[in-house]
Asks: 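First the structure, which I've put down as structure tokens, then a few questions once you've had a look.
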Amino acid sequence: MRFWPFQRSTSPTFRYWRSILIFTFQLSTPLLALAAPIPVEDLFRNADVVAAELSPDGKFVALTTAVEGRRCLAVMDLATRSIKEVASFEDAQVGSFRWISNERLVFSQTYLFDEHAWTGYIDDGLYAVNRDGSQLKELMSTVEKQIGNRAQFVRILEMVGLVDDNRDEIVAREYNSKTHEVHAYRLNTVSGRMRELDMALAAQVNGFWADHKGVVRLAATASSSKGNEALWYREDVKTPWRKLADVGKLDDEFYPIGFDADNQTLLVSSRMGRDKSAIYKYDFAAGKVGEPFFVNAEADAGHGLIYADDTHRIMGVRFEADQPGVHWFDETRAATQASIDAALPGQVNVLSGDEHAAGLLVHSYSDVDPGTYYYYAPQTHKLSKLFPSRPWLHQADLSAQLLFHYAARDGLDIPAYLTLPKGRPVKKLPLVVLVHGGPWARDEWGFDPEVQFLASRGYAVLQPQFRSSSGFGFTLFHKGWKQWGGSMQDDVTDGVQNLVKQGVVDSARVCIMGGSYGGYAAMMGPVRDPTMYRCAVDMFGVTDIKLQHKLSDWSYDDDFLHFDAKELIGDLDKDSAHLDEVSPLKQAAKIRIPVLMVYGDKDNRVPIEEGERLRDALQKNGTHVEWLKLIDEGHGIHNKEANRYLFYGQLDSFLKKYNPAD
């Protein structure tokens, strides 16, 4: 099963811009003084704190914090507010982490780069350590140690659940990238002993779900040549498996999320005839999806169940609509949320922990706030600040991210985010269209250094959630099938034209920019609409769809190539001529505007060769190309601050030259 990454907020900072009347009103308001551009180094340096999690007893906070340009794992004692580093790497950084008891944490290493990795930026290796830094244990070595000279053979071990009867142990998932096999283990994080959990299924297992006792109760296996998977269920390890359903990869939305506290109630995400997926209880007796558990009319319900740490009772659901939101089933937690929202207005306030025991950790952020962590004491109902993620940035210097809906040329409603530069009249602004990657993904509301970089330099920034974007329902997603370079591109064009028509954007000062699929769209923009854009910025974008199938890590994934890619993008044989028509490399002669291209030398998702071929074709035709090859980068500019400074510094100069804001 392939499931794509997924209430409209009443937050006073989250505003909706739908008509020219609102823009006209804004023109009549007093203007602020023009602010100086925010320095590249301030926006793109590593955050002080990337993530934090409260211990089960509420006495400690684990956090990943930057030390000499790399993330390390540290623990704060809430009683003394002292912070101790407990794990770090000399040539890499700590990735994801989780408390498994009051004393012990499990964490991964994030590779700086790896030429065999899918993106060059992965969670890799598995480790455990006590909160005081003792008993550090490597549970699985990194990809680099495993590979040697055997490319594409990788065993990755990741934690998928806790075990109630022994908090030193976890349920772990092992994936073999050569055979695509998945195995389940019970793993002791102190001794490193692994015991395979026999799933006793004849077919190859692609995924599994364990209950709160660490028993594997659900499994997914390959089902048929149609690209389906079969879902299997058992009551316990002594009970035979029985098939629940054959699930379509793309058309059907049916995805197990997890068990409730009784280990009998299974929650699944499904559409059941709806455009937006909802969360349902599964009726085992009837063998079908039962009553709704949570429905969100604005967007897909998502898979974000929130459990009580001690009882595993489902307390709430997190979801991503226009703005992140939460629905609490627990009345006490709902009241606490309301109290904290009142204390921190205009923010998204994410609560974790247990107010019935020691307290809560609050992560508070917004579009103009990179985020701050607080501790909430239930006895006194007081918030105390722990640490901001980027204390050197100030809300007064940042621009609000607004929701902007517009109609595509076929009438389809397209959600988008619009960020306007501070201190400038909302009239004939220069625009940068920022197209997200995926394309089966979406932008999210919140602080974005790239958006703030552009806005602080005087540009309006449009982020269209064009068809194929995920999380906004099946209609928007489905209408993008086989529409690379077609109606997906038209949606981007229609958003620009809407803003031009309203007088917000200067039609003579529009640049298109994006990464991955967004880089592809940046190159297809001037192909499809040659007079609309003054310049384009291609960040590791696909340049030839056929070449992408052969050179990239897509070629490792037979499942994707044989089923999903044919449905979502096109058949290499049947749609050959069309794929050439919508590949920038094959249409290079039509790209006549200045182009900035950046690619990573370790990128396995879109190999640098794709970019080099388009660069050479453009230069041969006389198109001005600025080319930047980033060393030790994969599919994105993740690894080194110096690379981010280099690229965004060059982008600053490129935009000033070819799409000036003044």
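No experiment lies behind these values; they were computed from the predicted model shown.
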Asks: When you compare the side chain of Asp538 with that of Val598, does any pair of heavy atoms fall below 4.5 Å?
Replies: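 Of all side-chain heavy-atom pairs linking Asp538 with Val598, none is under 4.5 Å.
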Asks: With under 30° as parallel and over 60° as perpendicular, where do the rings of Tyr599 and Trp627 fit, or are they tilted in between?
Replies: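 Judged by the thresholds at 30° and 60°, the geometry between Tyr599 and Trp627 is parallel.
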Asks: Among Gln401, Gln323, Gln347, which residue satisfies the side chain to side chain contact (heavy atoms under 4.5 Å, CB included) criterion with Ser366?
Replies: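 Exactly one pass, corresponding to Gln347.
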Asks: Could you give the distance from NE2 (His303) to CG (Leu267), rounded to the nearest 0.5 Å?
Replies: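 If we round to the nearest 0.5 Å, His303:NE2 and Leu267:CG are 11.0 Å apart.
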Asks: Evaluate the criterion side chain to side chain donor-acceptor pair (under 3.5 Å) for residue pair Asn130 and Glu103; output intermediate values, then yes/no.
Replies: CA-CA 5 Å; Asn130 284 348; Glu103 296 295 324; 5.7 Å; no
Asks: For Leu383 and Ala343, work out which heavy atoms get closest and say how close.
Replies: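 Where Leu383 meets Ala343 most closely, the heavy atoms are CD1-CB, 4.1 Å.
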Asks: Please report the closest heavy-atom contact between Ala172 and Leu187, naming both atoms and the distance.
Replies: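 Closest approach of Ala172 to Leu187: CB-CD2, 4.4 Å.
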Asks: Quiz question: by atom type and distance under 3.5 Å, do the side chains of Asn349 and Asp341 form a donor-acceptor pair?
Replies: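 Yes.
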Asks: Is there a side-chain contact between Gln463 and His436, using heavy atoms and a 4.5 Å cut-off?
Replies: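 A side-chain contact is absent here, since even the closest heavy-atom pair is not under 4.5 Å.
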Asks: Check this for me, if you would: do Arg217 and Asp211 make a salt bridge, where the nitrogen-to-carboxylate-oxygen distance has to be below 4.0 angstrom?
Replies: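 Salt bridge: yes.
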Asks: Taking the six-membered ring for Trp, are Tyr127 and Phe107 ring centroids under 6.0 Å apart?
Replies: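 Centroid separation for Tyr127 and Phe107: below 6.0 Å.
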Asks: Got a second to check how far Asp369's CG is from Leu393's CG, nearest 0.5 Å?
Replies: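 So the CG of Asp369 and the CG of Leu393 are separated by 9.5 Å.
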Asks: Determine, step by step, whether Arg193 and Tyr185 satisfy the side chain to side chain donor-acceptor pair (under 3.5 Å) criterion, reporting the C-alpha distance in whole Å, the side-chain angles of both residues, the deciding distance to 0.1 Å, and the verdict.
Replies: CA-CA 10 Å; Arg193 184 178 67 88; Tyr185 290 90; over 6 Å; no
Asks: Can you confirm whether the side chains of Thr189 and Arg104 place a donor and an acceptor under 3.5 Å from each other?
Replies: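 Looking only at side-chain atoms, Arg104 and Thr189 do form a donor-acceptor pair, the distance falling under 3.5 Å.
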Asks: Write down the atom of Glu85, the atom of Val67, and the distance for their closest heavy-atom approach.
Replies: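 Scanning both residues, the minimum pair turns out to be OE1-CG2, 4.2 Å.
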Asks: Taking the side chain as C-beta and beyond, is there a heavy-atom pair between Arg644 and Leu43 under 4.5 Å?
Replies: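 In short, these two side chains do not touch, never coming nearer than 4.5 Å.
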Asks: Can you measure from CG (Leu434) to CD (Glu450) and round to the nearest 0.5 angstrom?
Replies: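 The CG atom of Leu434 sits 5.0 Å away from the CD atom of Glu450.
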Asks: My understanding is that only one of Arg195, Arg186, Lys213 makes a salt bridge (charged side-chain N to carboxylate O under 4.0 Å, His left out) with Glu169; could you say which?
Replies: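 It is Arg186; the other options fail the test.
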Asks: Under 4.0 Å between a Lys/Arg side-chain N and an Asp/Glu carboxylate O for Asp652 and Arg457?
Replies: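 Salt bridge flag = yes for Arg457 with Asp652.
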Asks: If I compare all heavy atoms of Met199 with all of Phe208, which pair ends up nearest, and what's the gap?
Replies: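 Closest approach of Met199 to Phe208, heavy atoms only: SD-CB, 3.9 Å.
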Asks: Report yes if the distance between the aromatic ring centroids of Tyr307 and His212 is under 6.0 Å, otherwise no.
Replies: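 Centroid separation for Tyr307 and His212: below 6.0 Å.
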Asks: When Val362 is tested against each of Thr336, Val350, Ile340 for side chain to side chain contact (heavy atoms under 4.5 Å, CB included), which residue passes?
Replies: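 By the side chain to side chain contact (heavy atoms under 4.5 Å, CB included) criterion, Val362 pairs with just one of Thr336, Val350, Ile340: Ile340.
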Asks: In Å, rounded to the nearest 0.5 Å, how long is the span from CG of Leu360 to CG of Leu351?
Replies: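 The CG atom of Leu351 is 6.0 Å from CG of Leu360, to the nearest 0.5 Å.
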Asks: List the steps, then state whether side chain to side chain donor-acceptor pair (under 3.5 Å) holds for Thr372 with Ser364.
Replies: CA-CA 5 Å; Thr372 299; Ser364 181; over 6 Å; no
Asks: Less than 4.5 Å apart, side chain to side chain, heavy atoms only: is that true for Leu344 and Tyr374?
Replies: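 In short, these two side chains touch, coming nearer than 4.5 Å.
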Asks: Would you mind reporting whether Leu54 and Phe60 have side-chain heavy atoms less than 4.5 Å apart?
Replies: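 No; the side chains remain at least 4.5 Å from each other.
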Asks: Inspect the contact between Asp42 and Arg390 and indicate whether a charged nitrogen and a carboxylate oxygen are less than 4.0 angstrom apart.
Replies: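 The answer is no: the pair does not qualify as a salt bridge.
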Asks: I want to check something: taking the side chain as every heavy atom from C-beta on, are Arg45 and Trp392 in contact at a cut-off of under 4.5 Å?
Replies: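 A side-chain contact exists here, since the closest heavy-atom pair is under 4.5 Å.
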Asks: For Tyr517 and Trp440, I'd like to know if the aromatic rings sit close, meaning centre-to-centre distance below 6.0 Å.
Replies: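 Not under 6.0 Å, so no.
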Asks: Do Met315 and Trp328 come within less than 4.5 Å of each other through their side chains, counting heavy atoms only?
Replies: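 Met315 reaches Trp328 side chain to side chain.
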Asks: Less than 4.0 Å between a side-chain N and a carboxylate O, is that true for Lys84 and Asp132?
Replies: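 Salt bridge flag = no for Lys84 with Asp132.
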Asks: Between Phe453 and Tyr648 (judged by ring centroids, cut-off 6.0 Å), do the two rings come close enough to count as a pair?
Replies: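 That pair passes the under 6.0 Å test.
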Asks: Work out which heavy atom in Leu78 is nearest to a heavy atom in Gly58; give both atom names and the distance.
Replies: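 Heavy atoms of Leu78 and Gly58 come nearest at CD1-O, 3.3 Å.
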Asks: Among Arg173, Glu196, Glu174, which residue satisfies the side-chain hydrogen bond (donor to acceptor under 3.5 Å, both in side chains) criterion with His183?
Replies: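 That would be Glu196; it is the only one of Arg173, Glu196, Glu174 passing the side-chain hydrogen bond (donor to acceptor under 3.5 Å, both in side chains) with His183.
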Asks: For the backbone of Arg71 and the side chain of Gln93, can you confirm whether one donor and one acceptor N or O come within less than 3.5 Å of each other?
Replies: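 Checking the backbone N and O of Arg71 against the side chain of Gln93, a donor-acceptor pair under 3.5 Å is found.
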